[in-house]
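Notes follow the structure.
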Amino acid sequence: MHVCSIIPPHLLVTIAESRDPRHAAAADSARHALVQLPPLIAGRSLALAAPVRQGAVVLSQLERRVSDAGGKEELPGALVRGEGEPPTGDTSANEAYDGLGATYSLFSDVYGRSSIDGAGMPLDATVQFGERYDNAFWDGERMVFGDGDGEIFGRFTASLTVISHELTHGFTQYSTNLRYQGQSGALNESLSDVFGVLVEQRELGQDAAEASWLVGEGIFAAGVQGSALRSLRAPGTAYDDDVLGKDPQPASMADYVETSSDNGGVHINSGIPNHAFYLVAAELGGPAWERAGRIWFDTATGGAVPADCTFAQFAQATRAAAGTRFGEDSEEAGAVDAAWRTVGVEG
Amino acid sequence: MKIEISRSGGFAGLTRTWSVEVSSTEAEERWVPLVEEAAHRGEGSGNQPANAGTPDTQRDRFVYRIVIGYHEAVLPESRLGEPWRELLDRAKAEGAGSAAPAGTGQDGPTAP
């Protein structure tokens with residue numbers, strides 16, 4: 001809030017709405033500042049009751065609602081924790097609440113987006129879904145988490161990356177809405193893994209070299225041979241277990257998996273764009289959410305990614321976004337080019 | 001007669017396969033017509049993408065493939081209604097399912 005105390009809100013709105021690329025950084029800062037404004041100009045309860053729309057800028061506040069399905073496969077379940085309420089006695093509910101906050105914070109504080117839809121949408125989650133339910137999913141409106149069967153999986157909220165992955169499906173729904181099949185589906189999955197790990201890295205204060213780059217670390221039950229479900233640094237190495245088999249993710253187009261299972265292998269071939277992102281972040285160094293993450297965010301929200309996007313089209317879009325944001329001959333644009341070449345995608 | 005159920009997708013992207021033995025009479029009178037009905041209702045067959053019928057905004061949900069002899073149907077989790085849940089529970093109870101990441105074996109239900 002200290003950021004914006006000098007500049008009057010109407011001026012922030014004008015700057016934030018600027019489409020002039022020369023003012024892109026200022027516009028982002030202004031949008032960021034505007035997101036922080038409601039406590040000053042309207043008061044928390046008023047802002048919660050009615051987000052203020054001003055042109056393209058929406059002022060909003062974080063609003064989380066965590067419900068408990070009580071072991072049934074029915075949604076939404078009973079509300080157990082609303083925004084600002086104290087922790088409940090349930091670990092999953094508290095993990096979901098905190099994970100929603102961390103994800104909201106990345107999109108809002110770093111990229112200036114007001115919630116996942118850009119318009120202050122409340123964040124809904126349901127925990128304790130189903131009996132021994134081995135999954136977490138996004139149903140189009142809310143995140144849903146199972147407790148796991150206790151043999152292969154424990155509770156799915158145990159990893160922040162699972163929560164941020166699911167919430168990012170909401171972000172993708174309201175930005176590119178990538179079709180959930182084949183390459184576009186794998187890109188949809190990859191965006192969730194990318195922003196999923198970035199949320200965790202930012203919470204832990206880890207730079208690209210320190211981070212684990214793992215998705216779903218800690219959700220396997222004891223006894224499963226594996227550290228996580230997926231690795232962006234080294235796709236194909238997250239687990240190797242007698243019962244589950246080996247992590248099938250490819251790291252390059254040469255190993256692309258053609259299958260009709262899993263919506264055309266959306267959770268498998270996501271390894272390729274996942275690894276491209278990792279390579280960009282590793283090359284640039286420092287906090288991955290700042291430059292690499294910014295390029296991917298700009299790509300997803302820039303309008304150049306069609307719903308049926310291929311890997312090659314996506315590579316082109318990231319290259320264009322890097323050029324626009326950092327310059328055509330920038331280190332960042334060079335890192336993006338090199339990354340896609342390494343994973344065998346012709347942009 | 002053996003009925004195979006394989007489940008792919010989900011957040012983990014793991015494919016698990018279960019099977020259940022039923023009498024020929026039960027298979028032909030109860031399950032084959034249901035599989036055929038599901039396949040013909042556009043909810044998927046071997047010739048269609050495995051997500052046929054998956055609601056447009058759902059992500060990370062399971063996809064089920066049910067095979068009885070030459071009959072096959074593909075159902076998104078959200079359409080796995082009561083008769084199928086009964087069948088799945090019986091298959092799970094009958095024996096430990098095998099698990100394998102999708103796409104690593106043959107493209108379809110794996111033999112136990």
Side-chain angles (χ1 to χ4, degrees), chain A residues 73 132-141 143-146 149 151-153 156 162 165-166 168-170 172-173 177-182 185 188-189 192 215-216 219-220 229-230 239 241-250 256-270, chain B residues 5-18 44-65 67 72 74-82 84-85 88-89 92-93 95-110 112:
Chain A
E73 293 198 15
R132 296 163 57 87
Y133 187 71
D134 256 348
N135 200 17
F137 64 90
W138 167 258
D139 86 335
E141 296 175 359
M143 283 143 294
V144 182
F145 301 95
D149 63 358
E151 291 169 13
I152 293 177
F153 292 110
F156 278 74
V162 178
H165 174 106
E166 295 310 330
T168 303
H169 277 308
T172 299
Q173 178 177 318
N177 203 18
L178 286 157
R179 197 167 72 90
Y180 208 55
Q181 180 72 34
N188 191 319
E189 272 303 308
S192 277
V215 175
I219 67 167
F220 278 135
L229 284 168
R230 293 184 278 279
Y239 60 88
D241 180 82
D242 291 345
V243 176
L244 300 182
K246 185 178 178 302
D247 174 3
Q249 284 215 309
Y256 187 92
V257 177
E258 292 286 356
T259 174
S260 67
S261 295
D262 183 32
N263 300 87
V266 297
H267 293 89
I268 297 174
N269 294 313
S270 53
Chain B
I5 305 172
S6 69
R7 186 188 77 187
S8 69
F11 176 81
L14 291 165
T15 295
R16 301 197 70 185
T17 303
W18 297 272
S45 74
N47 299 323
Q48 294 178 357
N51 75 327
T54 298
D56 211 28
T57 53
Q58 300 210 339
R59 304 291 179 250
D60 291 329
R61 298 217 74 174
F62 294 126
V63 179
Y64 287 88
R65 186 188 305 255
V67 178
E72 175 181 306
V74 176
L75 290 155
E77 181 183 1
S78 58
R79 295 197 191 168
L80 196 79
E82 197 38 64
W84 302 119
R85 284 176 181 267
L88 182 62
D89 286 344
K92 283 181 173 176
S98 66
T104 50
Q106 63 192 91
D107 192 4
T110 18

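Since we're looking at a predicted model, the values are computed, not measured. Residue numbering restarts at 1 for every chain, and letters A, B, ... go by the order of the sequence lines.
- The closest donor-acceptor contact from the side chain of H267(A) to the backbone of G10(B) lies under 3.5 Å.
- Once rounded to the nearest 0.5 Å, the distance linking CG of D247(A) with CG of L14(B) reads 9.5 Å.
- Taking both residues in full, the closest heavy atoms of F153(A) and A12(B) are given as CZ-CB, 3.6 Å, listed atom of the first, atom of the second, then distance.
- Under the 4.5 Å side-chain criterion, counting only non-hydrogen atoms from C-beta, Q58(B) is not in contact with Y180(A).
- Each of V144(A), D241(A), D134(A) has some count of heavy-atom pairs under 4.5 Å with chain B, and the biggest count is that of D134(A).
- Proximity to chain B is absent for every atom of F145(A), based on heavy atoms less than 4.5 angstrom apart.
- The two residues S260(A) and R65(B) come nearest to each other via the heavy atoms OG-NH2, 3.1 Å.
- Only the side chain of E189(A) comes within less than 4.5 Å of a heavy atom in chain B; its backbone stays farther off.
- Contacts of Q249(A) with chain B are absent, with no heavy-atom separation under 4.5 Å from either backbone or side chain.
- For chain B, the option among V266(A), V162(A), I219(A), N177(A) with the highest count of heavy-atom pairs below 4.5 Å is V162(A).
- Without hydrogens or angle criteria, D60(B) side chain to N135(A) main chain gives no donor-acceptor distance under 3.5 Å.
- Looking at heavy atoms from C-beta onward, R85(B) lies in side-chain contact with E73(A) at the 4.5 angstrom threshold.
- In the model, T172(A) has no side-chain atom that pairs as donor or acceptor with a side-chain atom of R59(B) under 3.5 Å.
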